[in-house]
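Report on the following structure.
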Amino acid sequence: MTGSYERFAEIYDDLMIEDIPYDRYIELIEMAIGSIEEKRILDVGCGTGLLSTNLAQLGGEVTAVDLSSKMLEIASHRAKALNVAVNFKQMPMQEMSGFSGFDLAIIPIDSLNYCLQKEDVETTFQHIYQALNHNGVLLFDVHSTFKTDVIFMESPFVYDDGNIAYIWQTEAGEEAHQVDSEIIFYVQAPNGLYERFEEQHQQRTFPIEEYVQMLEKSGFKIERIFADWEDEAPEEDSERIFFQVRK
């Protein structure tokens, strides 16, 4: 799993809130399990805790897992500021153990794509299967192969909002549907000067049918596969694929 998000964690929210409809993710969760209140929820790849804290505010009993200590530090501060209880754990998703009794697990915002090897994806599914109650639901999203193979290969991508700027270069990785990224950031400091830092990230996805095979091998039953935040079947040029499966 490659991509530390350590320095990037500090500006992650500013960039992601513009692109990710977190309220829609809550709606998708409610479509899958009904009311969030009193549900035990496992948030895998929780990042800075935006979803974790929202779910806790809605009455969920949330445990949140992430590999990045910096992400979890920010998430913990967020939970304290909002006066909500979230149980944060630092570990790779493919090494999760000791979890049980959950009604829902989520792997949001393409976090699963940081598992570069198929074996790690399968192991993650198996750990989550063990963590869920009978009839429990797993909801997650991943990049489509169209996004990794076509859209991401159209770099460089440039962004500048006056406070944060970046130049994002990508290239095809060693494995099929793998993207290796190098991002140079310029972030304005309080004194008006800009700080420069770099991040390297690797992500990989798999065709839909391979995810289905891995899920079914782990014991899950497929309920819904949809794309791009809408309850519609994926198409050739869909960018984000969602899976809703049940134990």
Side-chain angles (χ1 to χ4, degrees), residues 1-9 12 15-16 19-20 43-47 65-68 70-71 90-97 105-130 138-157 166-185 198-220 222 225-228 233-245:
M1 182 179 293
T2 305
S4 66
Y5 276 111
E6 291 304 305
R7 182 67 179 84
F8 182 39
Y12 180 85
L15 296 174
M16 297 300 287
D19 296 330
I20 302 297
D43 183 358
V44 180
C46 67
V65 175
D66 203 277
L67 176 64
S68 167
K70 187 63 177 180
M71 286 286 196
Q90 183 182 2
M91 65 185 69
M93 63 179 70
Q94 69 270 36
E95 295 179 14
M96 293 188 303
S97 63
I106 57 173
I107 318 175
I109 321 302
D110 53 80
S111 296
L112 187 62
N113 291 136
Y114 281 96
C115 288
L116 302 184
Q117 301 304 316
K118 192 171 184 177
E119 294 78 8
D120 288 336
V121 177
E122 291 178 337
T123 301
T124 299
F125 289 156
Q126 290 163 9
H127 288 318
I128 290 175
Y129 186 87
Q130 294 300 320
L138 166 61
L139 176 68
F140 68 95
D141 66 272
V142 291
H143 294 312
S144 68
T145 56
F146 175 78
K147 189 169 186 179
T148 57
D149 300 354
V150 178
I151 294 179
F152 279 145
M153 294 300 107
E154 295 174 351
S155 74
F157 307 106
Y166 65 70
I167 303 170
W168 176 8
Q169 296 275 3
T170 62
E171 63 180 16
E174 293 182 359
E175 306 287 351
H177 317 303
Q178 178 179 323
V179 178
D180 293 351
S181 298
E182 181 178 67
I183 315 171
I184 301 173
F185 289 95
E198 297 182 14
E199 291 265 338
Q200 287 80 38
H201 291 267
Q202 293 177 300
Q203 286 189 300
R204 184 188 182 191
T205 201
F206 297 89
I208 291 173
E209 57 270 20
E210 292 191 32
Y211 281 113
V212 169
Q213 291 169 3
M214 289 186 279
L215 287 162
E216 291 180 339
K217 180 179 178 181
S218 300
F220 285 107
I222 310 299
I225 301 174
F226 54 104
D228 296 336
E235 298 181 355
E236 185 177 346
D237 59 350
S238 296
E239 297 184 28
R240 187 177 295 272
I241 310 299
F242 290 80
F243 295 80
Q244 178 183 315
V245 300

*Of all residues at least two apart in sequence or in a different chain, which pass the side chain to side chain contact (heavy atoms under 4.5 Å, CB included) check with M91?*
V65, K89, M96, F99

_Under 3.5 Å: donor-acceptor pair, side chain of S238, backbone of A227_ = no

*Not counting sequence neighbours, which residues clear side chain to side chain contact (heavy atoms under 4.5 Å, CB included) with I151? List them please.*
F146, K147, E239

*How long is the gap from CD on Q126 to CE on M214, to the nearest 0.5 Å?*
11.0 Å

*On the 0 to 90° scale, with breaks at 30° and 60°, tag the F206-Y211 ring pair as parallel, tilted or perpendicular.*
perpendicular

*Just wondering, are more than 12 heavy atoms of other shown residues or ligands nearer than 6.0 Å to CD in E154?*
yes

*Distance-minimising heavy-atom pair for F125 and S218*: CB-OG, 3.4 Å

_Distance, nearest 0.5 Å, that separates OG1 of T170 from CD of Q202_ = 12.5 Å

*Mind checking side chain to side chain contact (heavy atoms under 4.5 Å, CB included) for E216 and listing every partner two or more places apart, or none if nothing turns up?*
V212, I222

_Tell me every residue that passes side chain to side chain donor-acceptor pair (under 3.5 Å) with S144, counting only those two or more places apart in sequence or in another chain._
none

*Rounded to the nearest 0.5 Å, how far apart are CZ of F185 and CD1 of I167?*
11.0 Å

_Atom NZ of K217 with >12 non-hydrogen neighbours under 6.0 angstrom_ = no

*Between CD of Q169 and CD of E198, what distance do you get to the nearest 0.5 Å?*
11.0 Å

*Hey, does D149 have a side-chain heavy atom less than 4.5 Å from the side chain of H177?*
yes

*Out of T205, T145, I225, which one pairs with I241 under the side-chain contact (heavy atoms from CB on, under 4.5 Å) rule?*
I225

*Can you name the nearest heavy-atom pair linking A172 to M153, along with the distance?*
N-SD, 3.6 Å

*Counting only N and O atoms by type, is there a donor-acceptor contact under 3.5 Å from the side chain of H127 to the main-chain atoms of M93?*
no

*Do you know which two heavy atoms are closest between D110 and R240, and how far apart they sit?*
OD2-NH1, 3.0 Å

*Do H201 and E199 meet the criterion of a side-chain donor-acceptor pair at a distance under 3.5 Å?*
yes

*asked:* I'd like to know if the side chain of R204 and the backbone of C115 have a donor-acceptor N/O pair within less than 3.5 Å.
replied: no

*Name all residues meeting the salt bridge (Lys or Arg N to Asp or Glu O under 4.0 Å) criterion together with D66; count only those two or more places apart in sequence or in a different chain, and write none if there are none.*
none

*Where is the tightest heavy-atom contact between S111 and G45, given as atom of each residue plus distance?*
OG-O, 3.2 Å

_Checking L215 against F140 for the side chain to side chain contact (heavy atoms under 4.5 Å, CB included) test, could you report, in this order, the C-alpha distance in whole Å, the side-chain angles of both residues, the deciding distance, and whether it holds?_
CA-CA 12 Å; L215 287 162; F140 68 95; 4.0 Å; yes

*With E119, which residues qualify under side chain to side chain contact (heavy atoms under 4.5 Å, CB included), at least two apart?*
Q117

*asked:* Counting neighbours of CD on E209 that are heavy atoms of other residues, nucleotides or ligands and sit closer than 6.0 Å, is the number greater than 12?
replied: yes

_Evaluate Q178 against D180 for side chain to side chain contact (heavy atoms under 4.5 Å, CB included), listing each step before the verdict._
CA-CA 7 Å; Q178 178 179 323; D180 293 351; 2.9 Å; yes

*Which heavy atom in Q90 sits nearest to a heavy atom in S68, and how many Å separate them?*
NE2-C, 4.3 Å

*In Å, rounded to the nearest 0.5 Å, how long is the span from CD1 of I106 to CG of L139?*
7.0 Å

_With a 4.5 Å cut-off on side-chain heavy atoms, are S181 and Q203 touching?_
no

*Per the side-chain contact (heavy atoms from CB on, under 4.5 Å) rule, which among I107, L112, L138 passes with V44?*
I107

*For the atom pair CZ (F157) and CZ (F152), what is the distance rounded to the nearest 0.5 Å?*
7.0 Å

